[in-house]
Structures are given as C-alpha cells and as structure tokens.
Number of protein chains: 2
Amino acid sequence: MPISPRRATLIEVAKMAGASKTSVSRFFGTERDKLSAELQQRIGESAKSLGYRPNQMARGLKGGGSRLLGMLVADIRNPFSVAVMHGVELACRDYGYALIVCNTDNDPALEQQHLATLATYQVEGLIINAVGQPGQALQALMESGVPLVLLDRDISRLNAEVIGLDNALAIDMALAHLSRQGYRSILYVSETPERASARQERLQRFGEQAEAMGLGNQTLILSHSELPSCETALAMYVEQQADSPCAVLCGNGTTLLTMAKCFKRLNLSMGPVGLMGIDELEWCELLTPGITTLAQPTDGIGRDSVACLISQLARNKPSPPYQNRHAPRLIIRGSTAP
Amino acid sequence: MPISPRRATLIEVAKMAGASKTSVSRFFGTERDKLSAELQQRIGESAKSLGYRPNQMARGLKGGGSRLLGMLVADIRNPFSVAVMHGVELACRDYGYALIVCNTDNDPALEQQHLATLATYQVEGLIINAVGQPGQALQALMESGVPLVLLDRDISRLNAEVIGLDNALAIDMALAHLSRQGYRSILYVSETPERASARQERLQRFGEQAEAMGLGNQTLILSHSELPSCETALAMYVEQQADSPCAVLCGNGTTLLTMAKCFKRLNLSMGPVGLMGIDELEWCELLTPGITTLAQPTDGIGRDSVACLISQLARNKPSPPYQNRHAPRLIIRGSTAP
DNA sequence: CTGAAAGCGCTTACAG
DNA sequence: CTGAAAGCGCTTACAG
C-alpha cells in the first residue's frame, strides 16, 4: 500500500518561491511576461523542483475553460472515422486541447447519452459524426453556446457547420474516370441514405450526373449488407448489361468490401466489369488487379474540423482558416481498365 | 450573437427545491436513499425542469474523482488498437467513466507529452499501449498512485499489470495448425521486437517451439517494411525450401499485409506456400483463397483492461474479475492448405 | 433525515 | 510589476 504523494499544488509552489498564488497562476497562464524576470525565475525553479503542473479540472472550474474537445463517432471501427480522428488529434495537440472520444456504435440512444456526458465535462467544442436526429441533448448543448461541427453527416434543422468530402465533386470525378475508361453503364451502391447526408448527396448527384453524361445508371441500396442478395443483384445487373461495358461504383468503404466479396463469389473479374470505390483502404492495392478509389483527405478533414471549432471559440481574435468541402484524390488501378 | 444561457447549477436547484446544497449533492451522488421520499421528489423535479446535470469538473475537484480514464495508443490507425479501444469504450460506459484517448504515433517524445497532459486532467486510471521506456512522466504518475495497465506491450522495470494476447499459446496454436497441414519449415516474420514485449515473446516462443516440434525455422525482421527487400528475402527463403513444404507465419497485421503484397509481386500462390497471420483483418477472407489467421479477442482485451483498472480503484470493494492473457481464435482458410 | 460551513486548486477583477 | 480576496460548482466531515 504505497503512500501516494499527492501532486504538488499551486500554493506549494507559491510558498516555495516566496510569491503569491496570483503570480504563480500568471506564470502558467497567459500573463507570464507581466512578471519580472527574477520572479519568473524563482517560480520556474520551484515549480520544476516540485514537478508542478496546473490541475486542469480546477482551471476549468474558474474562467480558464476546460481545454477539452469532444468527438462523437458513429462507428469507431470504420477506418474512415479513425483516419479523421487522427487528424483531429493532430490539430488538438497543436491548439493545446485534449480530446474525449465517444463511440455511439450507430445507436441514437447511446448518442444522446454520450452527448450528456460530454456536457458534464464542460467540453469547449464538439465534433459530431451524427447518427440520430438532434434530440434534446444536442439542442441543450447548442443553446448553451458550445461550438459544433458536423462531420460528414449533416443534420437538418441544426445550423452548424458541416465538414467533409465534396460529395458532388467526388461523384463527378468518379463518373468522369469511368466514362473515360469506356464504361457506358454504372451501378451505384450505397448504404441506406436516410440518416447520412453524405450518402444522400452522393446518391442524388450520381443520378443527375450519370444522366447528364448519358451513362446508363442504376442504384443498389444495401440495408444489412446481406451477401447473398447483393450477389444476386449484382449478377442480374451484369447480365442485363451484356452488350455494353459496365462498372460498379461504391459509395464508401463498407459497400466496396461487400461488392468485392460479391465479385469474388460470382467469379467476376474486375476490369472487364469495372469496380471503383470512395474511400481508400489498405487492401485496395492488394486485391488483384488493384481497386481504383477516391481517397478522402482524412487528416485534412479532421484538422479543419478542429480549426472550425477554434474559430468559433476565438470570436474576434485571428483564427485559423479552414475548408468545409474537401476534394478527393483519384487513385487509378486495374479494376477500372476494361 | 446568442446570449448563451449558462447551464443550471446545484445552487439553483437547491433554491428551487427549497433544499440545501448538501441534499442536492446527495441526490446526485451515492447517498440518494438517505433522503426522504418527499425531498427526493422535490429535488428530482427541480433538477429536471432546470435541465441540471452536475458539473464533473467541479466534482472531480473535491473528493468525487474525475471519472475520467486515459488511454494511450501507439498507433491509432492500427485496426487492432482500434478494436481494443472499442472494448475499452464499452467497459467505460458500463462503469460510468469517460475516456480521453491520446495517440502517440509511435513517438516516445509525444508519449511523454500526452502522459503529462493526462495527469493534468486527473485521470483516475491509465491504459497504456507503450512505445517508449517509462520516462519521468510515467514514473510520476505511478508514484502519485494512478492505477495503470499495460496493453499488449510490457515495460521492463515497471511493475504494472499487462493485458493482452497469450502470446505463447498463439504461437503454439499456429505451429500446431501449420504442422498438421503438412508444412515442414516455417518462416516467422516480425517487426523489430526491441520496444514491444509481445513481439519478443512471440519471436522467442516461435524459435523454441518450432525447434521442439522438429520444424525448420527461420526469422525475418521487418524494420521499415521496405517491400523490395522483403520480396527478395521471401524469394530466397522459398527457393531454399524447394524440397519440403514451407509456410510464412506473420506476427501481426502489418507484417501480414506486407507479406501478402510480396506473395502477389512474386506471383507465389498461397497454400502451396503457406501463409498465416496473427490478427484478423477484414480483407483476410477476401484475398483468394482466404488467409488463415488467429483472431485476437479485442473486445475482451479492452474490457478486461478497464476491469483491471476498476479493481485497483476499488481496493476493498468487490471488483470485477479479469484475465491477463487472452486466447486467440483460429480461423482456417485456404492459405494454409498445401 | 437534513443542513451550515469549510475547502478542493485554480483564476480574475480590484488595488496598490 | 505584485498580491489579497472573492468565487468557480461541487463534496464531505461535522452537528443536529
């Protein structure tokens, strides 16, 4: 049973340095330069020898702010979400914030609960990859003035900034590429678009743009990604197009994985039947002959989410620039060479 | 410029309910049942109508504890780490803790920095997937009595609990399977084992056990996973074994990905040359003919890490059981069918 | 069962 | 440039 030596406190540092609490507080706050060189020296040394670091909980309680940001992720096991989180982390570090991450596992109830918890910790800003509709927890948070950014998914009737991929551009780039490669007819595969605005935007743009380009177009919605029925749908589609070269465009990583499995089961070879996806995953280059993708700039999306929060927090001070819609990067591989 | 209505405070609830601060505090703490039914009712109603939730920062400042756990991840983009984090999250929710996650990107300096930050937030416990050696930040934390669990990687001269895969068992299971399938000679591929005890344990057990089973055995250490040199090494190995069936066993997901790429570049077919990995990844079943793996029980590892922390926190109260070494699950696919 | 009071470790007007 | 004092929103002995 170790006698745990408590962490040193501001008072102890003040005592040791022969200074006031106020001065020590200034030393660790934003007013260090208002202290004489000599005082700074004394405080610095005392603090060091005591291993002192300000208690952030106490700081947050008074006017200091919690220096805490919250992030709500719909599915933490989705590589895209994690990649964005990586960018968020990087930016937090730069701005001196710590990050509380909550995974909602796509459960709206859990989302509400986590939101309440986050409020409890007095987070100064919130990055939300929403799964449900606003709900009272979020309303309360907004009303209490906490800055918000919506990641990838918009929420109707909530006027917060949305940061993510430029969905229209992504679809346009994909269709341009597929058309250039000679595919005349495209099947777009999406997860159920109800709750995710990004999915809706992509789906809608696909219809419009394919039409505008004179490409054949159909849509397949995966509800529970039940493999057998996907397989059937894919087989039927390909058969229908027997005469002209066709391709499958997947709206995200999950659908791409599902469709890649279907290709395999049906023994379809990629290329002759095109396959392309939004989101770059580690196995895309591994699968013969390589899958063409649109990579999202995940670090950038993450960083800009934080930058957006910081701007809202800054109010009048000069604040970092950020972008709402990010352009994808086309990675061409064998799966779109007929 | 919205006038942000501050969140309600304990005092306001007390005032509205015509009760004392103490009673309101008790209502939201562990002594609610010491309050008369009538008082409970009044406080409950007032709190509800004010939308009151206790400020966790203030609670933590007094004796309440921060109800915050910290997790340090060496590489957040590693699917294994994320999967474990998922388990940690689940358990945190059960025990009523929130989680601050810090990614060290395999940088010991960053690790130190994050550790200091975590201390600043008064985390009550720490789950560490270490990259560096202890360092003063960790020492200080330990000495101040913060419970610690080491994830997957041990740190010499730190007597904290280590939770992770049963590495010896994993290697034994892998070798037993490969031997059963008829492979007579195995190449074990590992990342540099210096800083990661799990890698060391697997590597060492591999040598011992393969020897004991009378299997040919060699080792390949990937330092920067430079593809061309791996490719050469693999080609040479396979050539040497021309006479007897041989297999490649990968120590983790990263090395498995690298080796799968080498197989592809060399046009080696999996099965005739065996391929197997520790860690189950989404593409393992996708790659023809499917890669045999040992899946780690990541949720369990995550949950037990938290359980271990809780036990240390509980001291005398009954605390949850947990396991230090977890058994993997063998998933047999075509890559180990000669 | 209930409450008045002290105090957790800080910051921030306010004075000098 | 420096400090004494009040107070952030809670919890916890201590008393009744």
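Worth knowing before you read on, the calculation uses all heavy atoms, side chains too, and leaves out hydrogens, waters and symmetry mates. Within every chain, numbering begins at 1; the chains are lettered A, B, ... in the order of the sequence lines, protein sequences first and strands thereafter.
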| request: Whole angstrom is fine here: how far is it from CD in B:Glu12 over to P in D:dG9? | output: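 Rounded to whole Å, this separation is 8 Å.
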
| field | Partners meeting side-chain contact (heavy atoms from CB on, under 4.5 Å) with A:Pro108 (sequence neighbours left out) | value |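 Scan of A:Pro108 (side-chain contact (heavy atoms from CB on, under 4.5 Å), adjacent residues dropped) gives A:Val131, A:Arg195.
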
| Quick one: on DNA chain D, does A:Asp33 or B:Ile11 contact a more 5' nucleotide (nearest heavy atom)? |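 The residue mapped nearer the 5' terminus is A:Asp33.
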
| For DNA chain C, whose closest nucleotide is more 5', that of B:Ala58 or that of B:Ala37? |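 Taking each residue's closest nucleotide, the earlier one in sequence belongs to B:Ala37.
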
Any N/O pairs under 3.5 Å between the protein and nucleotides 3-7 of chain D? List them or say none.
from  : atom 1 : to      : atom 2 : distance (Å)
D:dG3 : OP2    : A:Ser20 : N      : 3.3
D:dG3 : OP2    : A:Ser20 : OG     : 3.3
D:dG3 : OP2    : A:Ser23 : OG     : 2.8
D:dG3 : N7     : A:Arg26 : NH1    : 3.2
D:dG3 : O6     : A:Arg26 : NH2    : 2.6
D:dA4 : N7     : A:Thr22 : OG1    : 3.4
D:dA4 : N6     : A:Thr22 : OG1    : 2.6
D:dG7 : N3     : A:Lys62 : NZ     : 3.4

| query | Please, which pairs that meet ring-ring contact (aromatic ring centres under 6.0 Å, His included) have at least one residue in residues 110-132 of chain B, sequence neighbours excluded? | reply |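 Output for this query is empty, none listed.
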
| query | If you look only at pairs with a residue in residues 26-63 of chain B, which of them pass as a ring-ring contact (aromatic ring centres under 6.0 Å, His included), with sequence neighbours excluded? | reply |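 ring-ring contact (aromatic ring centres under 6.0 Å, His included) check on residues 26-63 of chain B returns B:Phe28-B:Tyr52.
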
| request: Quick one: which residue pairs count as a salt bridge (Lys or Arg N to Asp or Glu O under 4.0 Å) with a foot in residues 72-89 of chain A, not counting sequence neighbours? | output: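 Listed once each, the pairs are A:Glu89-A:Arg93.
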
| query | Which pairs, with at least one residue in residues 16-32 of chain A and sequence neighbours excluded, count as a salt bridge (Lys or Arg N to Asp or Glu O under 4.0 Å)? | reply |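 Applying salt bridge (Lys or Arg N to Asp or Glu O under 4.0 Å) to every pair that reaches into residues 16-32 of chain A, excluding sequence neighbours, yields A:Arg26-A:Glu31, A:Glu31-A:Lys34.
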
| message | Tell me every residue that passes side chain to side chain donor-acceptor pair (under 3.5 Å) with B:Asp299, counting only those two or more places apart in sequence or in another chain. | response |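 B:His86.
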
| With a 4.0 Å cut-off on heavy atoms, is A:Ser25 in touch with a base, just the backbone sugar-phosphate, or nothing at all? |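 Here A:Ser25 touches the bases of the nucleic acid.
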
| request: Using a 4.0 Å heavy-atom cut-off across all strands, classify B:Ser36 as base, sugar-phosphate, or nothing. | output: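 Sugar-phosphate contact only - B:Ser36 comes under 4.0 Å of backbone atoms but never of a base.
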
| Consecutive-pair stems (at least three Watson-Crick or G-U pairs, under 3.5 Å) that include DNA chain C |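 As far as DNA chain C goes, consecutive pairing (with distances under 3.5 Å) yields the stems C:1-3 with D:14-16, C:5-12 with D:5-12, C:14-16 with D:1-3.
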
| For B:Tyr322, all residues meeting ring-ring contact (aromatic ring centres under 6.0 Å, His included), sequence neighbours excluded |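 With neighbours one apart ignored, the set is empty.
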
| request: Give a yes/no on whether any side-chain N or O of B:Tyr52 is located under 4.0 angstrom from OP1 or OP2 of D:dC10. | output: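 For D:dC10, OP1 or OP2 has a side-chain N or O of B:Tyr52 closer than 4.0 Å.
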
